[in-house]
Amino acid sequence: MKTFSFKVDPLTGEQYYEVYLRGQQLLTDPLLNKGSHFSIEERASLGLTGLLPHGVSSLEEEAARSLESYRRKPDDLERYLFLLGLLNRNETLFYKLLTENLIEMLPIVYTPTVGQACLLLSRIMRRARGVYIHPDNIAAIDTIFANVPLPEVQLIVVTDGERILGLGDLGADGMGIPVGKVSLYVAAGGLHPACCLPVCLDVGTNNDRLLADPLYLGFRRRRLEGEDYDRFVERFVLGVKRNFPNALIQWEDFAKHKAFRLLERYRERIPSFNDDIQGTGATALAALLTASRIKQKPLAAERVVIVGFGQAGVGTAKAIATYLQSQGLPPEEARKVVWPVDVQGLLCQDDPSLEPWQRPFARKREEIAGWKLKDPQKITLEDVVVNVKPTILVGVTAQPGLFSTKLLQQVAKEEARPVILALSNPTSKSECTPEDALAATGGRALVATGSPFPPVSLEDRTVETSQCNNLYVFPGVGLGTLVAKAPKITDEMFLAASEALSAMVSAEEQERGLLLPPLTSVRQVAREVAVAVAKKARDQGLGRLLADEEIEEVVSQAQWEPRFVPYRPGRPS
Ligand SMILES: NC(=O)C1=CN([C@@H]2O[C@H](COP(=O)(O)OP(=O)(O)OC[C@H]3O[C@@H](n4cnc5c(N)ncnc54)[C@H](O)[C@@H]3O)[C@@H](O)[C@H]2O)C=CC1
Ligand SMILES: CC(=O)C(=O)O
Ligand SMILES: [Mg+2]
């Protein structure tokens, strides 16, 4: 259902949209609606005469009006609803507002408020976005995709809602996450909103609260599992390949058992990646590379304890190992820098409950032979900290307060500049706050967190905390892969993303406590990451063979700025 086409006037070179909607229909189409910006000529030619007040506003004036309304909202959830309402009414205006007020609005459209919204989504949603695919409509997958009112889908963010941030199974209410991620693809990555599609694979939920809630809007059954689940996802992927042959798939917020399996099953078949595994790993590695510069100590010489060895934990471990191998370390040595901890404590090779993705990092029992342990059957996080003397501690468990003052003090006892990454989201799930980490380490820690935290005032200085969140990586990886037309996304492309990202942190920013570039530069970050990813793809023989300058040029050209273009009436061919 095409509603418009991009056009260029052959005589003047002017870009415009040929628009197929008229009147009220045009005003209710969020991609096309310009609100009070429609010119007098457009109002006449597109059936809008009399449907709008007299005044014609510039985009800047519309944005100023919206910002006033936004700031009148009493709380974050109301601000979220306002912004989502704007997105559903006038996308260009939404992105103008978001890009110009990113620091203020990011915590609303993304973590933490998006988590609060997902917990309530069936109760607060006013208009659905993207597509919902469930067992009762998967047979009509081609019809579902034909109903998508976008000219060409190139980017899909898909969830099945089973592990939404650290909040667990939220079923179809997890759709807030793909919607939020897509808004960053546009605001940071610069992808055009008309080519991004959020998708919910609503295969049911095992959340009893939702199943019992009469207002829950999702597929009210227990989750599809096993072969039925795999068949369902396969039908979705084949549908994507048939209908949107150039689209890239970003897997988001799946439960770990499915996430690892889907990543491996599809990564060679379709351009796709798992944001929680690979995007997080690449971002955490970038923060560690910056820390390594600050400490003037190579990453190979650090001892990294990763607590929570699921998607984000394994992704971070793999990113570290990939980097160290690129520096010449043999694979086994590279993996040994990481000490993996999960619910059972330190992961050891003789543990029969190890998951396949944990196994390569599990330690040999001989390595802990001399350790003093309270209970040799369970090597706790405290045991690991006392015996390994970590120089870097990474938390991805969704267990708030797991990094206690005592634990942090123990780390600081042995290391002058401990790196503490408390990456769990939303804010309420963080393993510790920057304030806790700095207080326990006498202000010596280099800290980053998954959700935003305010700066911490110490006696002699103020320390800022980077938000170490995959938002720094996924928009650029998506953009770079699409621009390169790469058929797959390799670990080396993610490594290139990490290196480009870390290289952007200036000495002055490092001085302020930042391990990643300031959030105000996310658009340049996406650009640099995209260029690095596209160059790496080319060097690996994937996708288009472009010179460096050509890659830089096509990435710049691909980044859309929120602005209105003129409309001319047309009929779909
Ligand atoms: N900052 C960022 O960019 C990202 C942050 N995250 C956050 O990280 C958290 C975990 O996400 P995933 O790794 O995707 O989940 P996951 O479910 O794949 O892994 C979490 C792991 O933590 C383990 N765990 C739970 N309690 C523990 C404890 N007390 N001690 C040790 N291990 C424990 C679980 O057994 C599981 O293996 C979530 O809060 C999520 O929001 C995830 C992706 C990106
Ligand atoms: C940031 C993110 O992807 C997560 O917390 O799941
Ligand atoms: Mg995620």
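Start at 1 and go down the list; that is how both ligands and their atoms are numbered. As a basis for the values below, the full set of heavy atoms in this structure was taken, side chains included, without hydrogen atoms, waters or symmetry mates. Computed from a predicted model, the values in this text were never measured in an experiment.
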Student: Side chain, backbone, both or neither: which applies to Thr283 and ligand 1 if a contact is any heavy-atom pair less than 4.0 Å apart?
Tutor: neither

Student: Would you kindly say whether Asp76 and Gln116 are connected by a side-chain donor-acceptor distance under 3.5 Å?
Tutor: no

Student: Please identify which atoms of ligand 2 are closer than 4.0 Å to at least one heavy atom of Glu252.
Tutor: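 Those qualifying, in numeric order: 3 (O).
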
Student: Any salt bridge linking Lys536 with Glu492? Criterion: basic side-chain nitrogen under 4.0 Å from a carboxylate oxygen.
Tutor: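 Result for this pair is no, no salt bridge flagged.
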
Student: Quick one: does Asn425's side chain get under 4.5 Å of Gln467's, heavy atoms only?
Tutor: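 Side chain of Asn425 against side chain of Gln467, heavy atoms only: no contact under 4.5 Å found.
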
Student: Mark up the atoms of ligand 1 that fall under 4.0 Å of a heavy atom belonging to Ala398, in ascending order.
Tutor: 39 (O)

Student: Looking at Asp276, which atoms of ligand 2 are within less than 4.0 Å of one of its heavy atoms?
Tutor: 2 (C), 3 (O), 4 (C), 6 (O)

Student: Nearest heavy atom to atom 20 (C) of ligand 1: which of Thr280, Val314, Val396 does it belong to?
Tutor: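 When every heavy atom of Thr280, Val314, Val396 is considered, Val396 comes closest to atom 20 (C) of ligand 1.
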
Student: If the cut-off is 4.0 Å to any non-hydrogen atom of Leu165, which atoms of ligand 2 fall inside it?
Tutor: 4 (C), 5 (O), 6 (O)

Student: Under a plain distance cut-off of 3.5 Å, with no hydrogens placed, do Glu302 and Thr391 share a side-chain donor-acceptor pair?
Tutor: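 Judged by distance alone, the side chains do pair up.
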
Student: Heavy-atom contacts with Gly450 under 4.0 Å: which atoms of ligand 1 show up? List them by number with element.
Tutor: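 Close to Gly450: 1 (N).
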
Student: How does Gln311 reach ligand 1, if at all, at less than 4.0 Å between non-hydrogen atoms: by side chain, backbone, both, or neither?
Tutor: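 The part of Gln311 near ligand 1 is both the backbone and the side chain.
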
Student: Give the numbers and elements of all ligand 1 atoms closer than 4.0 Å to a heavy atom of Asp276.
Tutor: 43 (C)

Student: By number and element, which atoms of ligand 2 are closer than 4.0 Å to a non-hydrogen atom of Asn470?
Tutor: 1 (C), 2 (C), 3 (O)

Student: Among Lys429, Gln344, Gln467, Gln399, which one puts a heavy atom closest to atom 26 (N) of ligand 1?
Tutor: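 The nearest heavy atom belongs to Gln399.
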
Student: Below 30° counts as parallel, above 60° as perpendicular, anything between as tilted: where do the rings of Tyr110 and Phe474 land?
Tutor: tilted

Student: Where on Cys468 is there a heavy atom closer than 4.0 Å to ligand 1, on the side chain, on the backbone, on both, or on neither?
Tutor: backbone

Student: Any heavy atom of Arg163 closer to ligand 1 than 4.0 angstrom?
Tutor: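 Under 4.0 Å: yes for Arg163.
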
Student: Do any nitrogen or oxygen atoms of Asn470 come within less than 3.5 Å of a nitrogen or oxygen of ligand 1?
Tutor: yes

Student: Have a look at Asn469 and tell me which of Thr280, Thr111, Leu423 forms a side-chain contact (heavy atoms from CB on, under 4.5 Å) with it.
Tutor: Thr111

Student: Answer yes if the side chains of His192 and Gln154 hold a donor-acceptor pair under 3.5 Å, and no otherwise.
Tutor: no

Student: Flag Asn469 as yes when one of its N or O atoms lies below 3.5 Å from any N or O atom of ligand 2, and as no otherwise.
Tutor: no

Student: Suppose I only count heavy atoms of Asn425 and a 4.0 Å limit; which atoms of ligand 2 are within that range?
Tutor: 1 (C), 4 (C), 5 (O)

Student: Is the closest side-chain donor-acceptor distance between Glu431 and Ser424 under 3.5 Å?
Tutor: yes

Student: For atom 34 (C) of ligand 1, what is the closest protein heavy atom, and at what distance to 0.1 Å?
Tutor: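 Atom 34 (C) of ligand 1 sits closest to the protein heavy atom Asp342 OD1, 3.4 Å.
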
Student: About how large, to 10 degrees, is the angle OE2 of Glu252, then the Mg ion (ligand 3), then OD1 of Asp253?
Tutor: 100°

Student: Can you list the ligand 1 atoms lying under 4.0 Å from a non-hydrogen atom of Gly166?
Tutor: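 Answer, ordered by atom number: 38 (C), 39 (O), 41 (O).
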
Student: Is there a side-chain contact between Leu288 and Leu421, using heavy atoms and a 4.5 Å cut-off?
Tutor: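 Yes - at least one pair of side-chain heavy atoms lies under 4.5 Å apart.
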
Student: Out of the N/O/S atoms in Asp276, what is the name of the one closest to the Mg ion (ligand 3)?
Tutor: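 Result: OD1.
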
Student: Backbone, side chain, both or neither: what part of Thr111 comes under 4.0 angstrom of ligand 2, heavy atoms only?
Tutor: neither

Student: Yes or no on side chain to side chain donor-acceptor pair (under 3.5 Å) for Tyr229 and Asp160, after CA distance, side-chain angles and deciding distance?
Tutor: CA-CA 10 Å; Tyr229 179 88; Asp160 73 354; 2.8 Å; yes

Student: Does Phe254 approach ligand 2 within less than 4.0 angstrom via side chain, backbone, both or neither, non-hydrogen atoms only?
Tutor: neither

Student: Which residue holds the protein heavy atom closest to atom 6 (N) of ligand 1, what is that atom called, and what is the gap in Å?
Tutor: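 Answer for atom 6 (N) of ligand 1: Leu423 O, 3.9 Å.
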
Student: Is any side-chain heavy atom of Lys181 closer than 4.5 Å to one of Asn470?
Tutor: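 SC-SC contact between Asn470 and Lys181 confirmed.
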
Student: Measure from atom 4 (C) of ligand 2 to every heavy atom in Gln311, Lys429, Arg163, Lys181 and give the option owning the shortest one.
Tutor: Arg163

Student: Out of curiosity, Leu121 CG to Leu170 CG, how far, rounded to the nearest 0.5 Å?
Tutor: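 Here the interatomic distance stands at 9.5 Å.
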
Student: Under 4.0 Å between a side-chain nitrogen and a carboxylate oxygen: does that hold for Glu234 and Arg269?
Tutor: yes

Student: Quick check on contacts: which atoms of ligand 2 are under 4.0 angstrom from a heavy atom of Tyr110?
Tutor: 1 (C)

Student: Please check if any side-chain donor atom of Asp169 sits under 3.5 Å from a side-chain acceptor atom of Thr205, or the reverse.
Tutor: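 Result is yes, a qualifying pair exists.
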
Student: I need the atoms of ligand 1 closer than 4.0 Å to a non-hydrogen atom of Ser424, numbered in the order shown.
Tutor: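 Result: 7 (C), 8 (O), 9 (C), 39 (O).
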
Student: If you measure every N/O of Ala312 against every N/O of ligand 1, is any gap under 3.5 Å?
Tutor: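 Yes; the residue has a nitrogen or oxygen that sits under 3.5 Å from a nitrogen or oxygen of the ligand.
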
Student: Can you label the angle between the Trp339 ring and the Trp371 ring as parallel, tilted or perpendicular, going by 30° and 60°?
Tutor: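 The rings of Trp339 and Trp371 sit tilted, inter-plane angle from 30° to 60°.
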
Student: Relative to the heavy atoms of Val307, which atoms of ligand 1 are at a distance of less than 4.0 Å?
Tutor: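 Matching atoms, with element in brackets: 31 (C).
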
